[in-house]
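Everything below concerns the one structure shown next.
Owing to the predicted nature of the structure, the values given are computational and were not obtained by experimental measurement. All heavy atoms count here, side chains included; hydrogens, waters and symmetry mates do not.
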Amino acid sequence: MTVAEDQRLDAMFSALSDPTRRAIVVRLAAGDATVNELAEPFNLSLPGISKHLKVLERSGLISRGRKAQFRPCRLELQALDVAAGWIEENRRLWSERFDKLDQHLRNLQEPPNGDRHE
């Protein structure tokens, strides 16, 4: 993984560490939305929601388009795919390591002569 890819993952995971931003991502998974639509379920001002959107936009998780006077927000699925790919790759690695550790611990518990007394 390059330094740039690593920094992008850091930004994504940092952005997703906040429950409001995760809720915004979930909402955008259903379709594009304006800032007003995204602010609706939260007890936050429009500037407060805009700050969350800027964090998500800088991380590459969302983008903003332009439709007349509106700037709808859109979820960038390929960015989520990058994060999901990293998680899956590491989940597989961790699973293999835990399997090896489990086998090693079982081997340590076996008597030296191989006889089991159950």
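- The CG atom of Leu93 sits 11.5 Å away from atom CD of Glu88, with the distance rounded to the nearest 0.5 Å.
- Residues Gln103 and Asn107 bring a donor and an acceptor atom of their side chains to less than 3.5 Å of each other.
- A distance of 5.5 Å separates CG of Leu44 from OG1 of Thr20, quoted to the nearest 0.5 Å.
- How far OG of Ser45 is from NZ of Lys51: 7.5 Å, rounded to the nearest 0.5 Å.
- Atoms CD1 and NZ, from Ile49 and Lys54 in turn, are 12.5 Å apart once rounded to the nearest 0.5 Å.
- Considering every non-hydrogen atom in both Ala11 and Ser59, the closest pair reads O-CB, 3.6 Å.
- Smallest separation of non-hydrogen atoms from Asp32 and Arg27: O-NH2, 3.7 Å.
- Taking a 6.0 Å sphere around CZ of Arg22, one finds it holds more than 12 heavy atoms contributed by other residues, nucleotides or ligands.
- The shortest non-hydrogen separation linking Ile62 to Glu76 is C-CG, 3.8 Å.
- Atoms CD and SG, from Glu37 and Cys73 in turn, are 9.5 Å apart once rounded to the nearest 0.5 Å.
- Hydrophobic cluster membership differs between Leu38 and Val26, with clusters built from Ile, Leu, Val, Met, Phe, Trp and Tyr side chains linked at under 4.5 angstrom.
- Smallest separation of non-hydrogen atoms from Leu9 and Ala83: CD2-CA, 3.8 Å.
- Distance alone, capped at 3.5 Å, is enough to place a donor-acceptor pair between the Ser17 side chain and the Ser14 backbone.
- Salt-bridge formation is not detected for the pair Glu110/Arg106: no Lys NZ or Arg NE/NH1/NH2 atom is positioned less than 4.0 Å from an Asp or Glu carboxylate oxygen.
- Salt-bridge annotation for Glu5 and Arg8: absent, with no side-chain N of the basic residue lying under 4.0 Å from a carboxylate O of the acidic one.
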Requested in this report: Go through Val25 and Leu28 one step at a time and tell me if the side chain to side chain contact (heavy atoms under 4.5 Å, CB included) criterion holds.
Outcome: CA-CA 5 Å; Val25 167; Leu28 289 174; 5.8 Å; no

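- With hydrophobic clusters built from ILVMFWY side chains whose heavy atoms lie under 4.5 angstrom apart, Leu61 does not share a cluster with Val55.
- Summarising the geometry, atom CH2 belonging to Trp86 is positioned 11.0 Å from atom CE belonging to Met12; distances are rounded to the nearest 0.5 Å.
- Between the side chain of Arg64 and the backbone N or O of Arg71 there is no donor-acceptor pair closer than 3.5 Å.
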